[in-house]
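Report on one structure; see the data block that follows.
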There are 2 protein chains.
Amino acid sequence: MTISSRFSVAIHMLTLVALSPPEVISSDFLARSVNTNPALIRKIMAMLKKAELIQVKPGVAGATLTKSLTEISLLEIYQAVAVVEPNELFGIHDQPNPACPIGRNIQATIEPIFITAQSAMERVLEQIMLSDVVKDIEQLTN
Amino acid sequence: MTISSRFSVAIHMLTLVALSPPEVISSDFLARSVNTNPALIRKIMAMLKKAELIQVKPGVAGATLTKSLTEISLLEIYQAVAVVEPNELFGIHDQPNPACPIGRNIQATIEPIFITAQSAMERVLEQIMLSDVVKDIEQLTN
DNA sequence: TTACATGTAATCATGATAGTTACAGGTAAC
DNA sequence: GTTACCTGTAACTATCATGATTACATGTAA
């Protein structure tokens with residue numbers, strides 16, 4: 001099990017948008033850097049657009065960020081590409097036996113624990129901004 | 001995407017082992033409470049046995065815990081059933097373009113972030129013991 | 001020997017992912 | 001207005017993990 005690489009691809013894409021001249025940002029250009037298909041890039045672009053993280057004009061290259069780098073957290077990107085639904089990182093077996101005292105209560109007992117664990121993970125993503133990623137990349141490229 | 005329900009099933013199973021008379025603990029009994037197949041239960045039993053969380057005798061009902069309830073963390077159970085590999089909760093796209101400065105460095109930048117996020121989640125599981133789950137269940141059944 | 005248990009291989013349906021092709025429609029330079 | 005290039009999106013595919021299930025070899029003890 002892994003969380004879909006859509007998330008890492010989206011971070012990669014937004015980093016490219018942040019660091020490249022607007023006129024070169026086409027789905028073809030992004031696809032070459034990510035090393036995948038332009039259609040897949042456009043699908044993820046649609047998700048980022050729907051989440052209002054980027055602006056895109058149909059027919060014209062040059063996506064732009066709608067906010068400054070310091071205002072975009074990794075959590076927002078993660079939510080934009082819908083790799084994990086809210087409170088559903090952990091799957092719980094559906095229909096334990098209600099005739100069994102443990103079966104009847106196991107879901108209610110486990111669920112808050114799972115939500116706490118998922119939240120701890122998401123809080124880390126919430127505190128890391130796209131600007132942090134861009135800074136790291138810039139240091140490595142210099 | 002969800003983490004396999006093997007994890008919640010394993011917690012359910014161990015709770016049953018903790019709270020039921022040893023002689024009734026068969027894969028059939030567990031399967032009825034979880035509401036699934038005895039074969040699936042036996043597969044998970046094999047994982048828990050391999051992780052040395054339970055003892056099972058071939059041919060004889062009555063699995064028992066190898067440690068006290070306060071010594072078994074949810075992290076151990078989670079690791080036992082191998083729902084997430086170490087440092088691989090998040091998938092990263094495999095082959096970004098090395099000819100692109102961002103493509104060349106994106107993995108090294110993202111990976112430690114993902115590991116930090118995953119660790120935060122796992123640290124929550126590490127701090128919750130099977131005894132906590134059992135206590136909660138007992139409160140709900142009374 | 002019988003009844004019941006575990007251990008495990010094999011098979012299957014389902015759903016998500018990632019890759020790909022194809023094409024409709026938008027935009028702007030010439 | 002035609003050309004070249006772009007986005008938007010539907011449709012199809014291969015692959016893989018999950019969970020359910022069947023089947024059977026093997027172990028245990030009354």
Side-chain angles (χ1 to χ4, degrees), chain A residues 1-10 12-13 17 20-32 34-51 54-64 81-85 88-97, chain B residues 1-10 12-13 17 20-32 34-51 54-64 78 81-85 88-96:
Chain A
M1 203 286 320
T2 58
I3 291 174
S4 167
S5 66
R6 272 205 307 280
F7 183 28
S8 69
V9 170
H12 187 157
M13 288 167 57
V17 170
S20 310
E23 64 272 16
V24 307
I25 312 282
S26 65
S27 62
D28 228 71
F29 169 78
L30 296 174
R32 269 194 303 277
V34 172
N35 193 20
T36 184
N37 200 280
L40 188 58
I41 295 293
R42 291 198 286 273
K43 274 186 211 169
I44 299 177
M45 295 259 283
M47 293 180 177
L48 297 174
K49 189 182 174 185
K50 194 175 173 190
I54 58 172
Q55 284 175 325
V56 188
K57 287 183 192 168
V60 187
T64 55
V81 296
V83 286
V84 175
E85 298 305 312
E88 291 190 6
L89 173 59
F90 294 88
I92 301 188
H93 53 299
D94 271 65
Q95 308 196 322
N97 189 346
Chain B
M1 202 288 318
T2 58
I3 290 174
S4 166
S5 65
R6 270 203 309 280
F7 183 28
S8 68
V9 171
H12 186 158
M13 287 167 56
V17 170
S20 310
E23 64 272 16
V24 308
I25 312 281
S26 65
S27 61
D28 227 72
F29 170 79
L30 295 174
R32 268 195 303 275
V34 172
N35 193 21
T36 183
N37 200 282
L40 187 59
I41 294 292
R42 290 197 288 271
K43 274 187 210 167
I44 298 176
M45 295 258 283
M47 292 179 177
L48 296 174
K49 187 183 175 185
K50 195 176 173 190
I54 58 171
Q55 285 175 325
V56 188
K57 286 185 193 168
V60 187
T64 54
Y78 157 97
V81 295
V83 286
V84 176
E85 297 306 312
E88 290 189 7
L89 174 59
F90 294 89
I92 302 188
H93 52 300
D94 270 64
Q95 308 195 321

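Chain naming here is simple, since letters A, B, ... match the order of the sequence lines and numbering starts at 1 in each. Quantities reported herein were computed from a predicted structural model and do not represent experimental measurements.
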Check your understanding: In whole angstroms, how far is the C1' atom of D:dG19 from the CD1 atom of B:Ile3?
Key -> 17 Å

**Study point:** Rounded interatomic separation in angstrom, taking CG from A:Leu40 and C1' from D:dC12
**Key:** 15 Å

**Study point:** Interface limits on DNA chain C, where chain B has a heavy atom under 4.0 Å of a nucleotide atom
**Key:** C:dA5 to C:dA10

Show which side-chain atoms of residues 23-31 of chain B pair as donor or acceptor with protein atoms under 3.5 Å away, not counting sequence neighbours.
| from | atom 1 | to | atom 2 | distance (Å) |
| --- | --- | --- | --- | --- |
| B:Ser26 | OG | B:Asp28 | N | 3.4 |
| B:Ser26 | OG | B:Phe29 | N | 3.1 |
| B:Ser27 | OG | B:Arg42 | NH1 | 2.9 |
| B:Asp28 | OD2 | B:Arg32 | NH1 | 3.0 |

Distance from [X] atom [atom1] to [Y] atom [atom2], nearest 0.5 Å?
X       : Y       : atom1 : atom2 : result
A:Ile92 : B:His12 : CD1   : NE2   : 12.0 Å
A:Leu89 : B:Met1  : CG    : CE    : 5.0 Å
B:Thr36 : A:His93 : OG1   : NE2   : 9.0 Å

Report the residues that fulfil side-chain contact (heavy atoms from CB on, under 4.5 Å) with [X], sequence neighbours left out, ordered by chain and then residue number.
X       : value
A:Ala51 : A:Leu53, A:Ala80
B:Met47 : B:Arg6, B:Val81
A:Ala82 : A:Glu85
A:Lys49 : A:Ile54, A:Val56

Show the distances under 3.5 angstrom between N or O atoms of the protein and N or O atoms of nucleotides 2-9 of chain D.
| from | atom 1 | to | atom 2 | distance (Å) |
| --- | --- | --- | --- | --- |
| D:dT7 | OP1 | A:Ser27 | N | 3.2 |
| D:dT7 | OP2 | A:Ser27 | N | 3.2 |
| D:dT7 | OP2 | A:Ser27 | OG | 2.8 |
| D:dT7 | O4' | A:Gly59 | N | 3.0 |
| D:dG8 | OP1 | A:Lys49 | NZ | 3.0 |
| D:dG8 | N7 | A:Arg42 | NE | 2.8 |
| D:dG8 | O6 | A:Arg42 | NH2 | 3.1 |

